[in-house]
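Note: hydrogens, waters and symmetry copies are ignored here, and every other heavy atom, side chains too, is used. These numbers come from a predicted model, not from an experiment.
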Amino acid sequence: MSSSQESVLPSYETDSSQTSKLIRKSKESPFVPVGIAGLIAVVSYGLYKLKHRGNTKMSVHLIHMRVAAQGFVVGAMTCGVLYSMYREYLAKPKECKKDD
C-alpha cells in the first residue's frame, strides 16, 4: 500500500481504549449505558426463560423476546429524546437582551 493511499483512509484514534470511548460517550449521552444494561437484562431474561419455558413453543417465546426488546428500545429512545429536549430548551441558560 503506498503512502498516497494511506492518507485517503480515515485515521482512527489509537491512543484511546474502548473503556475511555465508553466513558466519553456516556458523558455525552447518558442513555448509552442504560441501553447496554437493558440489552444485557433482556438477553439474560430471555436465556433464563428459554430454559424454563415449559410447554411454550419456541416461536412464541422468540416473539415475546422480540417484543420485549423492541419495547425497551422504544422506551430508551423516548427517554433519550426527552432528556435531550430538556437539556436543549429548559436547562440551557437563557440569553437576555438588554434594551438601552
Side-chain angles (χ1 to χ4, degrees):
M1 195 173 217
S2 67
S3 62
S4 64
Q5 289 179 345
E6 290 178 14
S7 62
V8 175
L9 299 174
S11 61
Y12 296 103
E13 298 178 49
T14 56
D15 58 342
S16 63
S17 66
Q18 293 294 327
T19 55
S20 66
K21 287 181 183 178
L22 180 64
I23 291 171
R24 179 178 47 85
K25 190 69 173 172
S26 66
K27 287 180 182 177
E28 292 173 4
S29 177
F31 285 97
V32 170
V34 172
I36 293 171
L39 170 71
I40 292 170
V42 167
V43 168
S44 300
Y45 179 73
L47 290 174
Y48 174 76
K49 287 303 243 182
L50 181 65
K51 186 176 180 182
H52 304 293
R53 65 187 159 113
N55 294 331
T56 307
K57 289 184 177 182
M58 176 66 85
S59 62
V60 173
H61 174 73
L62 292 176
I63 288 171
H64 288 168
M65 289 299 103
R66 180 183 61 91
V67 168
Q70 285 177 333
F72 185 83
V73 167
V74 168
M77 288 175 62
T78 302
C79 290
V81 167
L82 291 174
Y83 179 73
S84 66
M85 287 175 59
Y86 169 76
R87 277 189 6 197
E88 180 71 25
Y89 297 110
L90 298 176
K92 188 176 182 181
K94 297 179 180 177
E95 298 175 5
C96 298
K97 292 184 178 181
K98 292 184 179 181
D99 294 330
D100 291 300

Show me the side-chain donor-acceptor pairs of residues 37-47 shorter than 3.5 Å, one per line, residues at least two apart or across chains.
residue : atom : partner : partner atom : Å
Ser44   : OG   : Ile40   : O            : 2.8

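- Within the structure, no pair that satisfies the salt bridge (charged side-chain N to carboxylate O under 4.0 Å, His left out) test touches residues 54-76, not counting sequence neighbours.
- When the side chain to side chain donor-acceptor pair (under 3.5 Å) test is applied to Ser59, no partner is found at least two apart in sequence or on another chain.
- The OH atom of Tyr89 sits 8.5 Å away from the OG atom of Ser84 when rounded to the nearest 0.5 Å.
- Pairs passing the salt bridge (charged side-chain N to carboxylate O under 4.0 Å, His left out) check and including a residue from residues 31-49, sequence neighbours excluded, do not occur.
- Interatomic distance, His64 NE2 to Thr56 OG1, rounded to the nearest 0.5 Å: 8.0 Å.
- Qualifying side chain to side chain donor-acceptor pair (under 3.5 Å) partners for Arg53, counting only residues two or more places apart in sequence or in other chains: none.
- A search for ring pair (Phe, Tyr, Trp, His ring centres under 6.0 Å) contacts involving Tyr83 returns Phe31, not counting sequence neighbours.
- By the rule that hydrophobic residues join a cluster once side-chain heavy atoms approach within less than 4.5 Å of another member, Leu62 and Leu50 end up as members of one cluster.
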